[in-house]
Amino acid sequence: MNMQDFRLDGKVALVTGASYGIGFAIASGFAAAGATIVFNDIKQELVDKGLAAYKEAGIEAHGYVCDVTNEEQVNNLVATIEKEVGVIDILVNNAGIIKRIPMCDMSADEFRQVIDVDLNAPFIVSKAVIPSMIKKGHGKIINICSMMSELGRETVSAYAAAKGGLKMLTRNICSEYGEQNIQCNGIGPGYIATPQTAPLREKQADGSRHPFDQFIIAKTPAARWGTPEDLMGPAIFLASDASNFVNGHVLYVDGGILAYIGKQP
Ligand code: NAP
Ligand code: GCO
């Protein structure tokens, strides 16, 4: 076993929607392992914020504005990265949104928006990077899935449909391109403290914990929310040569939620 296999030196990694949150942490972990970091976000203002945050962390990242649901923008992004930075060795489909609305109150348009960002976009971005990965002879794609790739919950019908679909897209990319030495795996984060989940952790007027916050602590054997940094090690593993025979797998990083039936009465 060569510990160098866990390193990412000389690799170019694109992490989508990585100005902050989970994407930022994963990209920072990749940088610590030696990779060159490229990220995009949907607005210039966010890209600027991201660039400043990477700089503060001592990382020289390349940031671009790109809406991952727009195929033309994505193709231009990938062509620009290849010209300005190099061929993408590692793609992390991280950009995502959630709408917490009971299904019968949700419009078809709102449902489609979630599917568009959380499922169609990983298809579009993966499709844009795979041809160059094939030419280069290797590639790593990591799709950021969810507990909702396995479980349902009130109010998240579109998100669960998209993340369940993303798990199957992961297996399909593995099936189609495994022979070309492309490994496509997923990471299924548990409940992670980021802006996306901030409304679920808001303190009550009397200063007590939000009931959802209490529910998650009780459902998680680790008895805490995850942090974006909890995802760094698993992401580095799946991006590195140490995982070259791991393909089509979803690695759940959830403090044990999926293993646990819940506290006995
Ligand atoms: P976040 O804090 O909301 O960050 C997501 C990023 O994606 C934001 O910068 C967002 O920009 C960007 N984005 C959204 N739509 C985009 C588009 N069309 N094109 C480009 N960028 C876009 O979310 P997070 O909590 O870090 O989550 C990251 C990923 O992990 C998501 O796929 C999420 O579903 C998944 N996840 C999160 C958790 C959790 O507990 N937090 C758990 C499991 C899975 P804006 O700020 O403009 O929206
Ligand atoms: C929710 C949460 C989840 C998490 C995460 C769980 O409303 O239930 O936001 O969807 O963000 O995806 O893995």
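Residue numbers count from 1 along this sequence. Order of listing sets the numbers, starting from 1, for every ligand and every atom in it.
- With sequence neighbours left out, the side chain to side chain contact (heavy atoms under 4.5 Å, CB included) criterion links Arg100 to Ile98, Arg153, Thr155, Val156, Gln196, Thr197, Pro199, Leu200.
- Residue contacts with ligand 1 for Ala193 are absent, since no atom lies close enough (heavy atoms, distance under 4.0 Å).
- Between Asn181 and Glu179, the side chains place no donor N or O within less than 3.5 Å of an acceptor N or O (distance only, hydrogens not considered).
- Asn75 CG to Lys127 NZ: the interatomic distance, rounded to the nearest 0.5 Å, is 7.5 Å.
- The residues Lys136 and Asp89 are annotated as salt-bridged, a charged nitrogen and a carboxylate oxygen being separated by less than 4.0 angstrom.
- The shortest N or O to N or O distance between Asp118 and ligand 1 is not below 3.5 Å.
- In terms of polar-atom proximity, Pro189 is not counted as a contact of ligand 1, lacking any N or O under 3.5 Å from an N or O of the ligand.
- Neither the backbone nor the side chain of Thr16 has any atom closer than 4.0 Å to an atom of ligand 1 (non-hydrogen atoms only).
- In terms of protein heavy-atom proximity, atom 27 (O) of ligand 1 is closest to Ile22 CD1, 3.9 Å.
- Residue Ile97 holds the heavy atom nearest to atom 14 (C) of ligand 1 of all those in Ile97, Thr197, Val47.
- Polar contact check, Val117 against ligand 1: no nitrogen or oxygen pair lies under 3.5 Å apart.
- The nearest heavy-atom contact from the protein to atom 48 (O) of ligand 1 is Tyr20 OH, 4.3 Å.
- The shortest N/O to N/O separation between Thr194 and ligand 1 falls below 3.5 Å.
- With sequence neighbours excluded, the residues satisfying side-chain hydrogen bond (donor to acceptor under 3.5 Å, both in side chains) with Asp230 are Arg224, Thr227.
- Take Val253 and apply the side chain to side chain contact (heavy atoms under 4.5 Å, CB included) test, not counting sequence neighbours, and it matches Ile187, Leu231, Pro234, Leu251.
- Residue contact annotation: Met148 has no non-hydrogen atom under 4.0 Å from ligand 1.
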Apply the test side chain to side chain contact (heavy atoms under 4.5 Å, CB included) to residues Ile134 and Ile182: give CA-CA distance (whole Å), side-chain angles for both, the deciding distance (0.1 Å), then the verdict.
CA-CA 8 Å; Ile134 293 175; Ile182 292 173; 3.9 Å; yes
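- The protein heavy atom nearest to atom 19 (N) of ligand 1 is Val68 N, 3.1 Å.
- Residues Tyr54 and Phe39 bring their aromatic ring centres within 6.0 Å.
- Nearest protein heavy-atom neighbour of atom 6 (C) of ligand 1: Gly17 O, 3.3 Å.
- For atom 28 (C) of ligand 1, the closest non-hydrogen atom of the protein is Asn94 OD1, 3.1 Å.
- Side-chain contact, Glu82 with Ser132: a donor N or O sits under 3.5 Å from an acceptor N or O.
- Among all non-hydrogen protein atoms, the one lying nearest atom 30 (O) of ligand 1 is Ile144 CG2, 3.2 Å.
- Near ligand 2, heavy-atom contacts under 4.0 Å come from Ile98, Arg100, Ser146, Met147, Met148, Arg153, Val156, Tyr159, Pro189, Gly190, Tyr191, Gln196, Thr197, Leu200.
- In terms of polar-atom proximity, Thr69 is not counted as a contact of ligand 1, lacking any N or O under 3.5 Å from an N or O of the ligand.
- Taking any N or O of Met147, backbone or side chain, none lies under 3.5 Å from an N or O belonging to ligand 1.
- The residue among Tyr252, Tyr191, Tyr159 with a heavy atom at the shortest distance from atom 36 (N) of ligand 1 is Tyr159.
- For the pair Lys55 and Glu60, the salt-bridge criterion is not met [side-chain N within less than 4.0 Å of a carboxylate O].
- Atom 18 (N) of ligand 1 has its closest protein heavy atom at Asp67 OD1, 2.9 Å.
- Asp67 and Thr69 form a side-chain donor-acceptor contact under 3.5 Å, judged by distance and modelled atom types alone.
- A donor and an acceptor atom, one from each side chain of Lys140 and Ser243, are located under 3.5 Å apart.
- Listed here is the closest heavy atom pair of Gly63 and Val47: C-CG1, 3.6 Å.
- Nearest to atom 21 (N) of ligand 1 by heavy atom, out of Leu231, Asp116, Asp41, is Asp41.
- Remark: distances from the non-hydrogen atoms of Cys66 to ligand 1 include one below 4.0 Å.
- Using a 4.0 Å cut-off between heavy atoms, Ile98 makes no contact with ligand 1 at all.
- Here atom 42 (C) of ligand 1 lies nearest to Gly190 when heavy atoms of Gly190, Ala95, Ala198, Ser146 are compared.
- In this structure, atom 33 (C) of ligand 1 lies nearest to the protein heavy atom Gln196 NE2, 3.3 Å.
- When the heavy atoms of Pro195, Cys145, Ala25 are ranked by distance to atom 44 (C) of ligand 1, first place goes to Cys145.
- Taking every heavy atom of both residues into account, Ala161 and Ile115 meet most closely at CB-CD1, 4.1 Å.
- Distances from ligand 1 to the non-hydrogen atoms of Pro228 include no value under 4.0 Å.
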